[in-house]
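Structure first, then comments.
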Amino acid sequence: MSQIVTAAGTDTLIVDLLVKRGCLKEGDLPTVRETQRKERLPIEDVLLKMRIVSERDIAEAYAEYLMVPLFEPSQTEVRIDRELSGLLPEKLCRDHLLVPVALHDNALDVAFFTANSLHIVDELQWITGKTVFPMIAPLSVIEGILGTFFEDTFWPGAGGNSGDFEAVDEEEMDALDDGANEEILHLDQPPPPGRDGRIIRFVNQMFEQAFRVGASDIHIERFEERCKIRLRADGKLIEVAPPPLSLYPSVVARIKVLSKMDIAEKRKPQDGAIALKTGDKRIDLRVNTVPTVHGEKVVLRVLDRSSIPLELSGLGFDERQSSDLCEAIELPHGLMLVTGPTGSGKSTTLYACLNRLNKPDVNICTVEDPVEYKFSGINQIQVKTQVGLTFASALRSFLRQDPDIIMVGEVRDPETAGICMRAALTGHFVLSTLHTNDALAAVNRLQDMDIDAFLLASTLRVLVAQRLIRRLCTKCRESYECEADTARRVGLKPGQTIYRPVGCRECRDQGYRGRVGVFEVIRITEKLADLIQVRTALPDLRRAATEQGMSLLYDSALKKVIEGYTSLEEALSVAVAGEEEEEKA
C-alpha cells in the first residue's frame, strides 16, 4: 500500500483523486499550485485553506483509493482510556496526525489524516507489538481525539485548585482595556479548516487545558533542535508535550496576533494581553515575549479573576492574625505593608482589605500597575510610565483628591516611599506591598530607602508577610508519627501525628493538589514602635513580636502541618528559603 502511495506522490495523488470525484475542478489547479509554492504547505492544507474541498472530501478520496475504512466517530464508539492513549508516543501522533482508535486483541486500528503518513505503519507495529490496520479520518476528527487522549499527559495535575488561595501578584497581572472595542476570544467557536485551523486548534486546546488544571503560567520556548512547553502548576514547572518544531513560529505568531503585538518585531521584548471566554467564564492572559538566541520565548500568565477571594476569612489567616489585621486596617491613618516574593499573593490580600473597607462614606483611591480587579465605588488609576504617570506622580495627584484610604500597588523607590509616609502622617490610611523576606524586614528595607526611623515608628500599623505552599492531596495523604529527633529539631512534639504525600490518580501521583497560604501578621504595638525608633536589630524585633503572641512565618507553616494541610517538607521550605536569603544579604 505504502509503495503505491510513494510511487504516485501524495500531492499528485490527492489532486487526481479529487478531480476524478468531481470535488476539484482542473481550472482551479494553477491557483492551488501557485498558493502551495508561495506558502510551502502540504497540498491538503492548501485545499482546505482555500475552501475548495472539505475535510470529508479528502478523507473519502483517500479511503476509497487505498481501500481502507473511513473512520467516522459518530458511527463508531471510541474507547478512550489510558491503555489506548498510551500505546503510541504523543509527539509521534501529533507530528504525523494519527491516533489509535480501537484495540481488538492483537490488532490495533489507527486513523490517519493523509496517505503520506502510511509509510510509518511498520514503525507503529514495531512500537506497539501489534498488527496495525490503517483507517482514514478527517483532520478535525484526528485533532479532536488528540486533544482528548493527551489532556492528562499534556497538562499534568488536572483537577485544578479552584477552591484554594492562589497567587495573583500585582507585578504579574496586566490590565485589559474594558472599552467597547475589546476583543474576546471565544474558545467554544470551531476553528477554520486547513493549516491555520490546525494552529488555532492547538493554541485553543493549550489554553483550555491550562484553565482546567488551574495553571498560573505557560512557558513556550525554542531551543536549537527542539521546542518546549512548560506549565507552572502549584508553583512547579513541568515539561509537557510541545508542538512540532516546524509549527513553533506559527504558534508564536498566533499568540502575538491575539495579544495585539507586532508579529514582525522579533528583536525586542513585547508585552500584550488576551481576553478569553470559555463557556460563561472570562479569563485573561498577560503575555510577554523576549528574543533568545534560538528564537522568541513566550510566557503567558493565566489570570482567573473569578478565583480571587475577596473576603479576609477566605485567605487562611488564623484567629489572632485575622483579629490583628482587621483592627489595624480600621484605624483612621497609618501604613500597612504586605511583603513577600513575586507570586505569593500580596495583591490578593490588599484587595480583600479594600473590599472590607469599601463603604459609601469612605473615599478610596488606588494606583496600580496594572489594575487587576475593578471595584465599584473605588477610584483606580493604571500606571502608564510612557506618558509620565508613575506611582509617585499619581500619589501626588491623589493627595489633592481628599482621599481617606490610598492603595499603592508597590513601593518601588524612595520617592514613592516618602510620599506614602507623608500621606500616612497627614490623616490617610495607606496600603501597599514591598519585596522582603518577612514582615519585619520591611523596616530595614524602608530605612535603606532613606526613611527615618522615627517616621516608621509613627506611621507603621501592621506588617504582613505571606507565602504559598503546596497543599496535601486529601485523597491519598498518609498520617505518621514524627520521629523524636526530627520533632525536637523543627519544634513539634515527639510522636506528633502529621501527614506526608503519597500520590494517587486524583493528584496525578504528585501527592499535592493546590496550594495554601501561610501568613505572618505583625501588629505594630507601642513596644515595637519604640524598638523601631531606636533602630533595634531585626532578630530582636522578631523576638519582641513573638513575646507578644504573634506568629512568625515559620510558626504559621508548622501550624498548617499539624492541621494536615501540608507536609513537614513543605513547611520547612518556607523557613529555609528565608534563612538562605538573609545569609546572602
Work out which heavy atom in [X] is nearest to a heavy atom in [Y]; give both atom names and the distance.
X: T416; Y: A392; answer: OG1-N, 4.0 Å
X: L146; Y: C93; answer: CD2-CB, 3.6 Å
X: L553; Y: F519; answer: CD1-C, 3.8 Å
X: G514; Y: D234; answer: N-OD2, 3.0 Å
X: I220; Y: M206; answer: CD1-CE, 3.8 Å
X: V367; Y: F391; answer: O-CE2, 3.3 Å

Flag side-chain contact, heavy atom, 4.5 Å: [X] against [Y]:
X: V287; Y: I255; answer: yes
X: E410; Y: K346; answer: no
X: V490; Y: V561; answer: no
X: I229; Y: V251; answer: no
X: R412; Y: D369; answer: yes
X: T390; Y: L395; answer: no
X: Y248; Y: P242; answer: no
X: Y499; Y: T566; answer: no

With a 6.0 Å cut-off (strictly less than), is the heavy-atom count around [atom1] of [X], excluding the residue itself, greater than 12?
X: Y565; atom1: OH; value: no
X: I263; atom1: CD1; value: no
X: R254; atom1: CZ; value: yes

Evaluate the ring planes of Y351 and F375, with Trp represented by its six-membered ring, and classify them as parallel (under 30°), tilted (30 to 60°) or perpendicular (over 60°).
tilted
Check each of I120, T114, L124 against H96 using the side chain to side chain contact (heavy atoms under 4.5 Å, CB included) test, and report the only one that passes.
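Among I120, T114, L124, the one that satisfies the side chain to side chain contact (heavy atoms under 4.5 Å, CB included) with H96 is I120.
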Working for side-chain contact (heavy atoms from CB on, under 4.5 Å), residues I142 and L98:
CA-CA 6 Å; I142 297 288; L98 60 91; 5.7 Å; no
Taking [X] for its side chain and [Y] for its backbone only, find out whether a donor-acceptor pair lies under 3.5 Å.
X: Q321; Y: D318; result: yes
X: D284; Y: V302; result: no
X: H186; Y: T278; result: no
X: K560; Y: A571; result: no
X: Q466; Y: G517; result: no
X: E224; Y: R226; result: no
X: E570; Y: R470; result: yes
X: T433; Y: V338; result: no

Distance from [X] atom [atom1] to [Y] atom [atom2], nearest 0.5 Å?
X: L231; Y: I218; atom1: CG; atom2: CD1; answer: 6.5 Å
X: M336; Y: L350; atom1: CE; atom2: CG; answer: 5.5 Å
X: S216; Y: L237; atom1: OG; atom2: CG; answer: 8.0 Å
X: I199; Y: S250; atom1: CD1; atom2: OG; answer: 4.5 Å
X: L245; Y: C227; atom1: CG; atom2: SG; answer: 5.5 Å
X: N437; Y: T339; atom1: CG; atom2: OG1; answer: 8.5 Å

Please test L434 against M449 for side-chain contact (heavy atoms from CB on, under 4.5 Å), starting from the C-alpha separation and ending with a verdict.
CA-CA 12 Å; L434 197 64; M449 292 183 178; 4.2 Å; yes
Can you list the residues that meet the side-chain hydrogen bond (donor to acceptor under 3.5 Å, both in side chains) rule with [X], with sequence neighbours excluded?
X: S140; result: E55
X: S432; result: none
X: N444; result: none
X: R477; result: none

By salt bridge (Lys or Arg N to Asp or Glu O under 4.0 Å) - contacts of E563 (at least two apart)
none
Contacts of E221 meeting salt bridge (Lys or Arg N to Asp or Glu O under 4.0 Å) (sequence neighbours excluded), chain-then-number -> R230, K297
Check E296 with K256, please: is the shortest side-chain N to carboxylate O separation under 4.0 Å?
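The answer is yes: the pair qualifies as a salt bridge.
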Run F71 and V99 through side-chain contact (heavy atoms from CB on, under 4.5 Å) and show every step you take.
CA-CA 11 Å; F71 177 66; V99 287; 5.7 Å; no
Report the C-alpha distance between L552 and D438 in whole Å, list the side-chain angles of each, state the deciding distance to 0.1 Å, and finish with yes or no for side-chain contact (heavy atoms from CB on, under 4.5 Å).
CA-CA 8 Å; L552 299 184; D438 59 26; over 6 Å; no
